[in-house]
Enquirer: 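Mind having a look at this structure? Questions to follow.
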Amino acid sequence: MTSIKNKLDHSQKRIAQAAKNVSREHQEINLLAVSKTKPVSDIIEAYQAGQRLFGENYVQEAETKINALNVQYSDIEWHFIGPLQSNKTKIVSQLFDWVHTIDREKIATRLSEQRPHTLPPLNVCIQVNIGKEATKSGIQCNEIMSLAKHIDTLPNIHLRGLMAIPSANIEEQKARLELTQLHTSFIELKQHYPKVDTLSVGMSQDLELAVEHGSTMVRIGSAIFGARPNKKET
């Protein structure tokens with residue numbers, strides 16, 4: 001059985017090759033290990049292999065894991081990458097370093113208000129629904145600047161960029177169109193907010209295409225930790 005370390009190494013090699021193919025430096029692209037539904041022991045194994053960025057989708061599950069790990073593994077950087085309801089913002093604001101799924105002003109405001117003043121500002125990304133799919137969260141590209149303007153007024157969160165989940169099971173040409181539109185929106189956002197530096201897109205099955213279209217953070221789950229039974233893979 002291939003170890004988590006070997007799978008991490010393989011994922012990093014995929015990122016490096018994808019970057020090389022489009023004349024980018026592989027250091028520009030961070031690997032976020034998506035550990036949702038996986039046990040604490042898998043996170044520890046990945047940590048011991050050098051991984052420090054971990055993504056979780058479910059608040060209650062993440063709270064248990066973070067509380068179990070935050071003393072001995074205090075340098076883990078925790079990213080919340082799932083849909084966020086208003087009644088969960090307080091927990092997320094207290095436990096996480098990043099939130100990738102900001103899609104409305106109310107959530108951004110609550111995160112800022114509830115972020116403990118003893119912690120640095122919470123890093124956030126605006127989630128974009130680039131495929132305009134009814135089953136996915138996120139805003140349209142033409143709504144990005146309005147939400148960014150609101151986030152910029154909030155003292156305890158820091159806008160870092162955009163996040164998206166491209167449409168599933170589509171032809172490569174359509175995927176390229178979606179990713180091109182997302183990258184164009186990212187460049188526009190950077191022009192207005194120079195500190196923006198993160199384009200969170202790309203998963204186990206499409207990281208090469210995402211890197212080609214400017215991704216700076218790929219979210220890899222199944223290629224590192226194995227498939228999740230009865231759950232959509234990330």
Side-chain angles (χ1 to χ4, degrees), residues 1-19 26 29-66 68-69 73 76-84 92 95-101 123 125 127-131 133 135-138 161-170 175 178-179 182 198-213 215-234:
M1 183 178 295
T2 305
S3 69
I4 288 175
K5 181 183 185 306
N6 288 340
K7 291 178 179 178
L8 274 168
D9 289 344
H10 179 66
S11 294
Q12 291 285 12
K13 288 177 181 177
R14 285 179 63 190
I15 292 170
Q17 185 60 54
H26 73 271
I29 303 129
N30 291 309
L31 190 160
L32 179 62
V34 180
S35 47
K36 66 179 183 182
T37 78
K38 297 301 178 179
V40 167
S41 58
D42 280 4
I43 297 175
I44 293 173
E45 186 175 344
Y47 179 95
Q48 291 172 341
Q51 182 64 27
R52 293 295 182 271
L53 278 59
F54 291 89
E56 291 286 335
N57 287 58
Y58 310 115
V59 176
Q60 187 173 358
E61 175 190 345
E63 183 179 17
T64 300
K65 291 177 179 177
I66 294 171
L69 293 166
Y73 305 96
I76 288 178
E77 185 176 279
W78 293 102
H79 294 239
F80 186 78
I81 59 174
L84 183 54
V92 169
L95 293 179
F96 283 86
D97 302 292
W98 285 68
V99 175
H100 289 229
T101 49
N123 298 295
C125 292
Q127 183 172 358
V128 184
N129 187 346
I130 54 174
E133 297 175 279
T135 57
K136 286 182 181 174
S137 302
L162 302 178
M163 174 271 209
I165 305 171
S167 301
N169 304 316
I170 58 173
E178 289 186 358
L179 290 168
L182 180 68
T198 300
L199 183 59
S200 172
V201 64
M203 298 182 282
S204 297
Q205 71 276 13
D206 65 352
L207 76 83
E208 286 84 2
L209 199 59
V211 169
E212 181 183 338
H213 288 81
S215 174
T216 68
M217 186 176 292
V218 292
R219 308 182 303 271
I220 308 299
S222 57
I224 296 171
F225 299 109
R228 303 176 188 88
N230 301 319
K231 288 187 178 288
K232 185 177 180 179
E233 292 185 7
T234 299

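No experiment lies behind these values; they were computed from the predicted model shown. Counting from 1, the numbers follow the sequence of the chain as shown.
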Enquirer: Applying side-chain contact (heavy atoms from CB on, under 4.5 Å), name anything that partners Ala175, two or more places apart in sequence or on another chain.
Expert: Ile170, Leu209
Enquirer: Run the side-chain hydrogen bond (donor to acceptor under 3.5 Å, both in side chains) test against Glu208 and tell me which residues pass, sequence neighbours left out.
Expert: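 Glu208 satisfies side-chain hydrogen bond (donor to acceptor under 3.5 Å, both in side chains) with Arg14 once adjacent residues are dropped.
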Enquirer: Not counting sequence neighbours, which residues clear side-chain contact (heavy atoms from CB on, under 4.5 Å) with Pro39? List them please.
Expert: Ser41, Asp42
Enquirer: Can you find a heavy atom in the side chain of Thr216 that is under 4.5 Å from one in the side chain of Ile29?
Expert: no
Enquirer: Could you walk me through whether Val218 and Leu32 satisfy the side-chain contact (heavy atoms from CB on, under 4.5 Å) test, starting with their C-alpha distance in whole Å, then the side-chain angles of each, then the deciding distance to 0.1 Å, before giving a yes or no?
Expert: CA-CA 6 Å; Val218 292; Leu32 179 62; over 6 Å; no
Enquirer: Keeping the roles fixed (side chain from Thr101, backbone from Leu84), state whether a donor-acceptor pair exists under 3.5 Å.
Expert: no
Enquirer: Does Pro166 reach the side chain of Leu179, with side-chain heavy atoms less than 4.5 Å apart?
Expert: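 SC-SC contact between Pro166 and Leu179 confirmed.
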Enquirer: Tell me, please, which residues at least two apart from His79 pass ring pair (Phe, Tyr, Trp, His ring centres under 6.0 Å).
Expert: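 For His79, the residues satisfying ring pair (Phe, Tyr, Trp, His ring centres under 6.0 Å) (neighbours in sequence not counted) are Trp98, His100.
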Enquirer: Check salt bridge (charged side-chain N to carboxylate O under 4.0 Å, His left out) between Glu45 and all other residues, then give those that pass, not counting sequence neighbours.
Expert: none
Enquirer: Under the side-chain hydrogen bond (donor to acceptor under 3.5 Å, both in side chains) test, which residues partner Gln48, sequence neighbours left out?
Expert: none
Enquirer: Once you round to the nearest 0.5 Å, how far does CD1 of Ile15 lie from NE2 of His26?
Expert: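 Interatomic distance, Ile15 CD1 to His26 NE2, rounded to 0.5 Å: 9.0 Å.
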Enquirer: Would you call Ile165 and Lys136 a side-chain contact if the rule is heavy atoms closer than 4.5 Å?
Expert: yes
Enquirer: What pair of heavy atoms forms the shortest contact from Cys125 to Leu162, and how long is it?
Expert: CB-C, 4.0 Å
Enquirer: Applying salt bridge (charged side-chain N to carboxylate O under 4.0 Å, His left out), name anything that partners Lys5, two or more places apart in sequence or on another chain.
Expert: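 Expected list: Asp9.
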Enquirer: In the structure I gave you, are the side-chain heavy atoms of Val99 and Trp78 within less than 4.5 Å of one another anywhere?
Expert: no
Enquirer: For the residue pair Glu61 / Thr37, report whether a side-chain donor-acceptor contact shorter than 3.5 Å exists.
Expert: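 Distance-only check fails for Thr37 and Glu61.
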Enquirer: Who pairs with Ser11 by side-chain contact (heavy atoms from CB on, under 4.5 Å), at least two apart in sequence or on another chain?
Expert: Leu31, Ile220, Ala223, Ile224
Enquirer: Determine whether a donor-acceptor pair (N or O, by modelled atom type, separation under 3.5 Å) exists between the side chain of Arg219 and the backbone of Ser200.
Expert: yes
Enquirer: Looking at Tyr47 and Arg52, what are the two nearest heavy atoms and their distance?
Expert: O-NH1, 2.8 Å
Enquirer: Just how far is it from atom CZ of Phe80 to atom CD1 of Ile66, taken to the nearest 0.5 Å?
Expert: 10.0 Å
Enquirer: Taking salt bridge (charged side-chain N to carboxylate O under 4.0 Å, His left out) as the definition, give me every residue that meets it alongside Glu63, ordered by chain and number, with sequence neighbours left out.
Expert: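 In terms of salt bridge (charged side-chain N to carboxylate O under 4.0 Å, His left out), with neighbours along the sequence ignored, Glu63 is linked to no residue.
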Enquirer: Quick one: are Val34 and Asn57 in side-chain contact, heavy atoms under 4.5 Å?
Expert: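 Result yes, sub-4.5 Å side-chain heavy-atom pair found.
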Enquirer: Taking side-chain contact (heavy atoms from CB on, under 4.5 Å) as the test, write out the residues that go with Ala46, two or more places apart.
Expert: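 Partners of Ala46 by the side-chain contact (heavy atoms from CB on, under 4.5 Å) criterion, ordered by chain and then number, come out as Ile4, Leu8, Gln51, Phe54, Phe225.
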Enquirer: What are the two closest heavy atoms between Ile81 and Met163, and how far apart are they?
Expert: O-CE, 4.0 Å
Enquirer: Between Ile76 and Leu53, does a side-chain contact (heavy atoms from CB on, under 4.5 Å) hold up when you go through it step by step?
Expert: CA-CA 6 Å; Ile76 288 178; Leu53 278 59; over 6 Å; no
Enquirer: Under the side-chain hydrogen bond (donor to acceptor under 3.5 Å, both in side chains) test, which residues partner Glu56, sequence neighbours left out?
Expert: Ser35, Lys65
Enquirer: Rounded to the nearest 0.5 Å, what's the gap from CD1 on Ile130 to CG on Leu182? Could you check?
Expert: 5.0 Å
Enquirer: List the atom of Ser167, the atom of Glu178, and the distance in Å for their closest heavy-atom pair.
Expert: OG-OE2, 2.6 Å
